[in-house]
Amino acid sequence: MTSLLEQLWLLPLLSAIVLWTFGPQLKRASGALGSASVLASFVVAVVLYPSATGPVPLHLALGTWGPGFTFGLQLDPLSLLWTFIITGVGGLIHVYSIGYMWSDKAIARFFAYMNFFVFAMLTLVLSDNVVGLLIGWGLVGLASYFLIGFWFYKPSAVAAAKKAFVINVFGDVGIMFAVFALYAATGSIAFADIFAKAGTLPVGVLIAVCVGLFVGAAAKSAQVPLQTWLPDAMEGPTPVSALIHAATMVTAGVYLVARFAPLYSLSPTAQELVAVVGATTMVLGAILGVGQWDIKRILAYSTMSQIGYMIMGVGVGAYQAGVLHFFTHAFFKAQLFLGAGLIIHALHDEQDVRKMGGLRERMPFAFWAMLIGTLAIIGFPLTSGFYSKDAVIYGALEHGHPWLYVAGVLTAGITAYYMFRMLFVTFFGPYRGGVPNERLAMPPAAVTHAEAEGHDSHAPDWVMQLPVAILIVPTIAAGYASVSFGGPSPWSRFFGTLFGTSYNVAGPILPVPEWASSIFVLLLVAAGIVIAYLRYGTPAAQAGAIERLRAEAVRMPPALVHAFWFDDAIEAAIVHPAQALGVAISRFVDPHVIDAGVRDVVWIAGALGVIFRKLQTGLVRGYALTIVIGAALFIAYFATLGASR
Amino acid sequence: MQPDLSSYVALSAVMFFIGVSGVIVRRNPLIVLMSIELMLNAANLALVAFARAWVNNAGHVFVFLVVTVAAAEAAIGLAIVVAVFRSAKNVDVDEVARLRG
């Protein structure tokens with residue numbers, strides 16, 4: 001069993017190495033190889049299900065490096081859940097990418113990066129120690145850098161990749177300090193040892209560790225104020241966005257907080273911080289989603305908002321609810337991104353919803369896929385999002401955070417509004433592909449990559465549609481795992497005692513019972529849908545869509561256009577001072593300290609050279625004479641020495 | 001009567017100084033090379049003499065080594081002389097002073 005665990009972990013890396021090495025020879029076969037390796041990992045994960053959920057989690061020792069530094073892999077229910085999503089949803093995204101990247105010359109490189117990403121993510125979730133987790137954490141950042149900057153000839157993609165990497169490294173540093181503090185306090189890096197000693201840690205250390213870890217979680221999971229890289233990361237190919245948003249990277253922060261539940265549960269201060277940051281992100285992401293025109297950026301902000309839900313869930317202590325929302329979100333967000341990819345691919349890399357419209361007739365499959373994904377994300381009854389979002393929102397109330405509860409309910413309404421706005425603008429009304437950009441208040445069109453390169457051949461349609469079709473099933477049904485008919489639900493049985501008893505506390509009598517809360521949420525969701533319908537969905541609105549969209553684009557509040565000026569604030573607070581420091585160093589320290597020192601050394605060497613150059617007469621006989629005289633003096637010295645003895 | 005050790009050493013010293021003066025005063029590289037050979041062989045003579053006097057074979061072995069090195073040195077030295085002549089059209093060691101500082 002343990003050797004299977006190793007295979008589960010290393011198969012994607014092996015495939016990545018093969019693709020890196022033999023990419024030019026494999027060409028389009030690389031897509032099949034890359035997908036097969038990830039799906040094989042998924043099969044191994046399924047095989048390992050019974051042993052991972054047993055009383056003792058599966059464990060594999062890898063090696064030791066000094067006292068306390070024991071490396072290994074472990075597969076417990078939490079890791080297993082993430083492994084399923086990473087390899088399962090990730091595998092489907094790989095299959096989809098075969099179609100999406102068909103006409104890209106660098107398809108082998110693409111799949112090498114994708115496999116590497118999966119490997120990095122598996123390293124993160126399978127590690128049984130904090131250092132291994134940090135290594136995986138860093139590798140995920142690196143892989144995201146590769147993939148966001150995949151089209152490296154686009155300057156915007158390069159800038160986005162750099163931004164994602166830098167912000168992620170900022171988070172890595174936070175985790176690193178947490179690791180230092182943990183090792184100093186417990187003398188071990190293994191989760192088991194750390195959690196065993198969690199109760200004995202001083203409060204200060206506990207808070208420092210939790211905050212350090214959360215800095216990392218916030219950077220990777222795009223929590224305020226480290227969220228600015230996420231919308232920019234849409235520069236990567238759409239399957240990359242799906243992989244980053246649904247299956248892997250951004251949910252790593254949720255994993256981290258859930259993994260360190262034994263520590264967070266002991267520190268209400270840190271929990272408060274996590275929950276409030278999560279809730280803030282949730283609200284801000286939803287508000288920003290309202291003002292976007294790029295279909296992928298709408299989805300990006302919705303991801304940010306949904307991750308906010310998850311972080312809030314694990315922050316208030318409703319770990320099972322937060323993780324459940326991760327589980328369902330993975331499916332419907334992959335569904336939405338892959339559906340958007342179908343549209344973008346069919347429209348030759350057009351991403352602006354103002355240039356779409358009326359696609360319901362042209363692309364019925366994409367419409368239904370997106371509709372189901374949208375229903376799930378807004379928490380429509382009987383879809384997966386309904387169960388998970390309700391669990392998170394109600395969890396906030398259960399754990400004594402009425403304000404976060406209200407924020408969660410309101411955000412659910414906003415989510416319904418902007419998702420249906422996207423749906424109406426994209427799929428209803430007239431097709432606006434031929435409308436000049438100026439009439440839609442858009443910047444003038446540039447020659448896009450797709451037009452420049454041309455689509456000479458296409459993969460069969462089913463390659464891209466099959467993964468989307470498969471995802472429909474869990475998008476609807478994934479939430480049923482949490483339904484209980486008396487006794488614990490399958491979901492809580494799956495986790496057993498992993499999160500302690502924190503979820504099952506019989507809290508105080510709450511002012512709102514759960515069913516009433518659900519109705520409350522649904523009313524707001526319905527209100528959001530109705531407003532979206534009135535603004536974009538009525539026949540009149542559809543007919544006058546061009547003018548309406550133009551008017552909306554012109555009157556867009558600046559706060560939405562500039563995403564609440566977070567980018568500008570970070571520029572002003574960090575980037576500009578850092579640049580000024582760099583300029584100052586290059587102006588003063590460089591010439592007057594470093595260069596001056598180097599120049600002095602050069603000057604001394606030159607002066608000595610002027611003196612000693614005189615000795616180089618070039619006269620061979622002169623040299624010979626010098627040697628003879630030297631030898632004579634030498635002999636004379638030893639001769640007199642011998643005589644004096 | 002066999003000559004004693006000091007005679008050999010004296011002869012070796014004389015040969016050596018003839019070689020040294022040859023290297024210093026002559027400007028023809030061929031003569032300089034010959035003078036160097038003379039110095040080497042002066043050293044050889046001294047080595048053999050000492051080896052015999054103290055019944056130690058190490059001296060003989062050194063002589064073989066020196067003879068080998070001398071042969072190699074002569075070959076390389078002559079090659080250098082030829083190369084210098086080709087580039088400078090001149091074999092006067094004083095004129096070949098391109099490395100003067």
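A note on names: the letters A, B, ... follow the listed sequences, proteins ahead of strands, and every chain is numbered from 1.
- The contact list for residues 12-33 of chain B toward chain A, using heavy atoms and a distance under 4.5 Å, reads B/Val20, B/Val23, B/Ile24, B/Val25, B/Arg26, B/Arg27 by residue number.
- Around atom CZ of A/Phe146, more than 12 heavy atoms belonging to other residues, nucleotides or ligands sit under 6.0 Å away.
- For CZ of A/Phe71, the number of neighbouring non-hydrogen atoms (other residues, nucleotides, ligands) closer than 6.0 Å is greater than 12.
- Evaluation of the salt bridge (charged side-chain N to carboxylate O under 4.0 Å, His left out) rule for A/Asp567 yields A/Lys163 as partners, not counting sequence neighbours.
- The environment of OH in A/Tyr183 is crowded: more than 12 heavy-atom neighbours from other residues, nucleotides or ligands sit within 6.0 Å.
- Residue-environment remark: CE (B/Met39) exceeds the threshold of 12 foreign heavy atoms within 6.0 Å.
- Shown here is A/Tyr623, whose OH atom has more than 12 heavy atoms of other residues, nucleotides or ligands within 6.0 Å.
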